Enquirer: 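Here it is, the structure, as structure tokens.
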Amino acid sequence: MDKILEVNQLTKLYRNGRGISRLSLTLERGDVVGLLGPNGSGKTTAMKAIVGLNHASSGSVRIFGYDIETEYEKAMEKVGCLIEAPAIYEFLTAYANLKLMSRYHPGISKDRIDEILSIVRLDRYKKDKAGRFSLGMKQRLGLAMALLSEPELIILDEPANGLDIEGIIEVREIILKLSKEKGVTFLISSHIASEIEKTCNKVAILHEGEMLSFDTMEDALKLNPTLEDYFLEKVRDKRGPVIL
């Protein structure tokens, strides 16, 4: 299998001591890997460090074999991201936002923009200004931006944020289809165990800035009825026995 993303002992700590410490994981082509943890566990910090949006304190990241410190442009050439809030110009229409973004990626046609708007179910609203969109619609537009250039690695920070039940299912179906049919690799964060369980084939448990485990979903569920139970087991193992 091709190694798409290699993270080795990645550490990013802020002055208040929060962040992520010694994160190590490998994503192979077609993997859908979930970072599962509560708010403040370091998921977003880890993703920002992986794509160079913040400077890691130590450790290394290689994307498609390129080190992000020394070969950043080559490493990021086939990467799509949606981290925190999507970078949307609210005075522009959905179509115009994607048209503007297409300037950073040569070869993107009008048909490709229309195709992506259809995939994320925003084709009916392509001429509407993004400032009028609901949170869920803005999240869909952010997903469209991440998918626009047909990247081979897609990093999504809480992609279900603001979506209704149908929207969550649609995003899950998009991820699984791209993974299975085109071999696209995904790194996804969420604090909702059921969504990671239904979407991902591997899971990393993050808690208070530490990675407690990194397993296949099959192994995680061997001795646990749900991923939520697996998460709680790992957190209890970290804390140790309760002394009464």
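All heavy atoms count here, side chains included; hydrogens, waters and symmetry mates do not. Because the structure is a prediction, the values reported are computed rather than measured.
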Enquirer: Are Val33 and Leu23 grouped together when hydrophobic residues (ILVMFWY) are joined by side-chain heavy atoms under 4.5 angstrom apart?
Expert: yes

Enquirer: Do the charged groups of Glu150 and Lys78 touch, with an N to O distance under 4.0 Å?
Expert: no

Enquirer: Do the side chain of Thr185 and the main chain of Gly30 share a donor and acceptor less than 3.5 angstrom apart?
Expert: yes

Enquirer: With rounding to the nearest 0.5 Å, note down the distance linking OG1 in Thr199 to CD1 in Ile174.
Expert: 11.5 Å

Enquirer: Evaluate the side-chain contact (heavy atoms from CB on, under 4.5 Å) criterion for residues Met76 and Ile63: first the C-alpha distance (whole Å), next the side-chain angles of each, then the deciding distance (0.1 Å), finally the verdict.
Expert: CA-CA 7 Å; Met76 295 298 296; Ile63 303 176; 4.0 Å; yes

Enquirer: Are the charged groups of Lys129 and Glu90 less than 4.0 angstrom apart, N to O?
Expert: no

Enquirer: Which pair of heavy atoms, one from Asn97 and one from Leu92, lies closest together, and at what distance?
Expert: ND2-O, 3.5 Å

Enquirer: Any salt bridge linking Lys222 with Asp219? Criterion: basic side-chain nitrogen under 4.0 Å from a carboxylate oxygen.
Expert: yes

Enquirer: Could you grab the distance from atom CD of Glu115 to atom CG of Leu148, nearest 0.5 Å is fine?
Expert: 10.0 Å

Enquirer: Considering non-hydrogen atoms only, spot the tightest contact between Leu163 and Gly136 and give its length.
Expert: CD2-O, 3.4 Å

Enquirer: In this structure, are over 12 heavy atoms from other groups packed under 6.0 Å from Glu228 atom CD?
Expert: no

Enquirer: Please tell me whether Met211 and Ile205 are part of a single hydrophobic cluster in this structure, the criterion being side-chain heavy atoms less than 4.5 Å apart.
Expert: no

Enquirer: Would you call Glu152-Arg29 a salt bridge at under 4.0 Å N-O?
Expert: yes

Enquirer: Begin from the C-alpha positions of His55 and Glu69 and carry the test side-chain contact (heavy atoms from CB on, under 4.5 Å) through to its verdict.
Expert: CA-CA 9 Å; His55 185 69; Glu69 289 291 328; 3.5 Å; yes

Enquirer: Main chain of Ile165, side chain of Glu170: is a donor-acceptor contact present, judged purely on distance under 3.5 Å?
Expert: no

Enquirer: Which atoms form the tightest heavy-atom contact between Lys138 and Pro86, and what is the distance?
Expert: O-CG, 3.5 Å

Enquirer: Given the rule in the side-chain contact (heavy atoms from CB on, under 4.5 Å) test, do Ser179 and Val184 qualify, once you have shown the distances and angles that lead to the verdict?
Expert: CA-CA 5 Å; Ser179 171; Val184 178; 5.6 Å; no

Enquirer: Whether Arg18 and Glu208 form a salt bridge (side-chain N of Lys/Arg under 4.0 Å from carboxylate O of Asp/Glu) is what I want to check.
Expert: no

Enquirer: Do the side chains of Arg236 and Glu233 get close enough for a salt bridge, i.e. N-O under 4.0 angstrom?
Expert: no

Enquirer: Indicate yes or no: does Lys48 engage Asp157 in a salt bridge with an N to O separation below 4.0 Å.
Expert: no

Enquirer: Applying a strict under-4.5 Å side-chain criterion to I, L, V, M, F, W and Y, I'd like to know whether Ile20 and Tyr14 cluster together.
Expert: no

Enquirer: Side-chain contact test, heavy atoms from C-beta onward, threshold under 4.5 Å: evaluate it for Phe231 versus Pro38 and give yes or no.
Expert: yes

Enquirer: Between Ile113 and Lys99, what is the shortest heavy-atom contact and its length?
Expert: CD1-CA, 3.8 Å

Enquirer: Does any donor atom in the side chain of Asp215 or Tyr230 lie under 3.5 Å from an acceptor atom in the other side chain?
Expert: yes

Enquirer: If you define the side chain from C-beta out and look only at heavy atoms, does anything of Val203 sit under 4.5 Å from Leu227?
Expert: yes

Enquirer: Between Arg22 and Thr11, what is the shortest heavy-atom contact and its length?
Expert: N-OG1, 2.9 Å

Enquirer: Are Leu27 and Met217 connected into the same hydrophobic cluster when the rule is that any two of I, L, V, M, F, W, Y join if their side-chain heavy atoms are below 4.5 Å apart?
Expert: no

Enquirer: Report the C-alpha separation of Asn224 and Thr226 in whole Å, then their side-chain angles, then the decisive distance to 0.1 Å, and conclude whether the side-chain contact (heavy atoms from CB on, under 4.5 Å) test is met.
Expert: CA-CA 6 Å; Asn224 297 276; Thr226 68; over 6 Å; no

Enquirer: When you group the ILVMFWY residues by side-chain heavy-atom contacts below 4.5 Å and let the links chain together, are Leu143 and Leu176 in the same group?
Expert: no

Enquirer: Under a 3.5 Å distance rule, please check whether Ser118 uses its side chain to pair with a backbone N or O of Asp114 as donor and acceptor.
Expert: no

Enquirer: On a heavy-atom basis, which atom in Ile68 and which in Ile50 lie closest, and how many Å separate them?
Expert: CD1-O, 3.4 Å

Enquirer: Is there a side-chain contact between Leu25 and Leu35, using heavy atoms and a 4.5 Å cut-off?
Expert: yes

